[in-house]
Amino acid sequence: MKLTVAALVEPGSTRITKTGAWRTFVPVVDHKKCIKCSLCEIYCPESCIHQVDGLFVPDLDYCKGCSVCAHECPRKAIEMVLEEK
Amino acid sequence: MQNLFAPGHRACAGCAMPTTVKLILDAAGPNTVVASPTGCLEVVSTPYPESAWEVAWIHSLFENAAAVASGVEAALKRFGKKDTNVLVIGGDGSTFDIGMGCISGMFDRGHNVKYICYDNEAYMNTGVQRSSSTPYFTHTTTTPAGKVSFGNPRPKKDMPAIAVAHRVPYVATASVAYPVDLRRKVKRALAIPGPAYIQVNAPCITGWTFEAGNTIELSRLVVETCLWPLYEYVDGKLGEVKKIRSKKPVEEYLKAQGRYRHLFRKEGGAEIIKQIQAMADANAVKYGLLD
């Protein structure tokens with residue numbers, strides 16, 4: 001990574017660290033139940049839920065599995081599932 | 001919403017602070033300079049050599065973020081850049097204790113700097129030591145609850161009142177669980193010339209000890225129990241107040257957190273809970289939360 005004097009760094013450069021490795025539970029979205037209120041996107045501490053082709057999808061590269069989205073979903077459309085590899 | 005706080009930052013899973021920062025930056029927009037004091041936010045957002053910030057950001061010391069922001073604001077003014085927002089986003093340790101002198105100076109000189117405190121009610125970054133923002137009867141590592149103690153023996157410092165006493169034109173409290181309210185307050189602070197102070201309730205999973213998914217729920221409960229009234233002071237006068245439709249008992253908020261566990265296990269705890277309930281009731285009357 002390129003560094004400049006006075007410890008200046010590039011904006012948004014934490015993206016090189018994939019915090020998804022921290023995760024134990026993974027959010028699974030039931031798109032049929034989703035009413036597109038976007039509360040999951042608003043509350044996600046990782047800013048990793050985005051609308052992709054009209055559907056709210058978590059970016060698993062960064063999702064730490066905190067389950068805030070599942071907890072705040074008014075239609076309970078998000079389920080936290082134990083992730084096994 | 002525009003995302004100016006990148007993923008990959010190192011905040012604990014379920015931390016309220018990144019959500020708070022994201023909402024503040026969404027309201028302020030990309031033409032913003034942020035100064036941060038030392039704290040969780042500084043540590044998790046800029047693990048060298050990375051940065052989660054998508055706006056200009058500067059960190060100097062624990063105590064001087066308000067002074068640094070004052071300098072930034074003065075320089076922007078000199079160069080005629082009137083449209084750039086200058087914010088300070090810092091935790092309660094640097095706001096209530098360590099940075100107090102510099103904040104007072106910044107308020108006094110009337111800089112056009114908006115100071116936003118994400119308040120998690122202790123020094124979480126260094127291991128949950130008490131700050132002057134820690135509420136009564138809270139267990140922290142420096143005010144441990146035990147045989148002879150119910151935790152913190154001192155009340156929470158009324159920082160918004162201190163800001164109002166400095167004749168700060170816009171002072172408000174907010175909660176991460178009310179994103180529309182928070183964004184509106186940041187926009188309103190930016191629209192009013194001169195300094196502003198906004199204090200945002202931001203639960204900490206490790207310091208308050210609760211399940212990670214409950215972060216937002218807890219920040220909502222503290223408002224619904226009237227322990228954290230949402231209000232704003234404009235030119236020293238109480239402005240808009242968030243009304244509470246059904247006030248919840250404080251037990252609901254306290255029992256969800258490990259830092260209040262002793263109140264439910266120790267003899268005499270019920271009496272302490274009554275005292276906390278009385279504080280919530282007093283808030284409801286003082287700010288007219290229920291009418």
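Since this is a predicted model, take the numbers as computed values, not measurements. Throughout, protein chains are lettered first and strands after them, A, B, ... in sequence-line order, and every chain is numbered starting at 1.
The contact list for residues 20-41 of chain A toward chain B, using heavy atoms and a distance under 4.5 Å, reads A:Trp22, A:Glu41 by residue number. Chain A is approached within less than 4.5 Å, heavy atom to heavy atom, by B:Cys15, B:Pro18, B:Thr19, B:Lys22, B:Leu23 from residues 15-26 of chain B, ordered by number. Within residues 221-230 of chain B, no residue has any heavy atom closer than 4.5 Å to a heavy atom of chain A.
In terms of heavy-atom proximity, B:Ala6 sits nearest to A:Gly12 at CB-CA, 3.7 Å. The minimum heavy-atom distance linking B:Asn3 with A:Ser47 is given by the pair ND2-CB, 3.2 Å. Closest non-hydrogen pair, A:Thr14 versus B:Pro7, comes out as OG1-O, 3.0 Å. In plain terms, the two heavy atoms of B:Gly14 and A:Cys66 that are nearest each other are N-CB, 3.1 Å.
For chain B, the nearby parts of A:Cys44 are the backbone and the side chain; heavy atoms of each come within less than 4.5 Å. Proximity to chain B involves both the backbone and the side chain of A:Glu46, based on heavy atoms less than 4.5 angstrom apart.
Other residues, nucleotides and ligands contribute at most 12 non-hydrogen atoms within 6.0 Å of the CD atom of B:Glu211. Within a 6.0 Å radius of NZ in B:Lys243, other residues, nucleotides and ligands contribute more than 12 heavy atoms. More than 12 heavy atoms of other residues, nucleotides or ligands lie within 6.0 Å of NZ in A:Lys76, so this atom counts as buried by the packing criterion.
Of the possible polar contacts, one joining the A:Ser13 side chain to the B:Ser51 backbone as a donor-acceptor pair under 3.5 Å is found.
Annotation: maximal heavy-atom pairing with chain A below 4.5 Å, among B:Arg10, B:Arg220, B:Glu217, occurs at B:Arg10.
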Quiz item: Run the side-chain contact (heavy atoms from CB on, under 4.5 Å) check on A:His71 and B:Ile216 step by step: do they pass?
Solution: CA-CA 9 Å; A:His71 203 89; B:Ile216 305 297; over 6 Å; no
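Put simply, the side chain of A:Val9 does not reach to within 4.5 Å of the side chain of B:Glu50, judged on heavy atoms. Residues B:Trp57 and A:Pro11 are not in side-chain contact: their nearest non-hydrogen atoms beyond the backbone lie 4.5 Å or more apart.
Contacts of B:Asp181 classified as side-chain hydrogen bond (donor to acceptor under 3.5 Å, both in side chains), with partners at least two apart in sequence or in another chain: B:Lys185.
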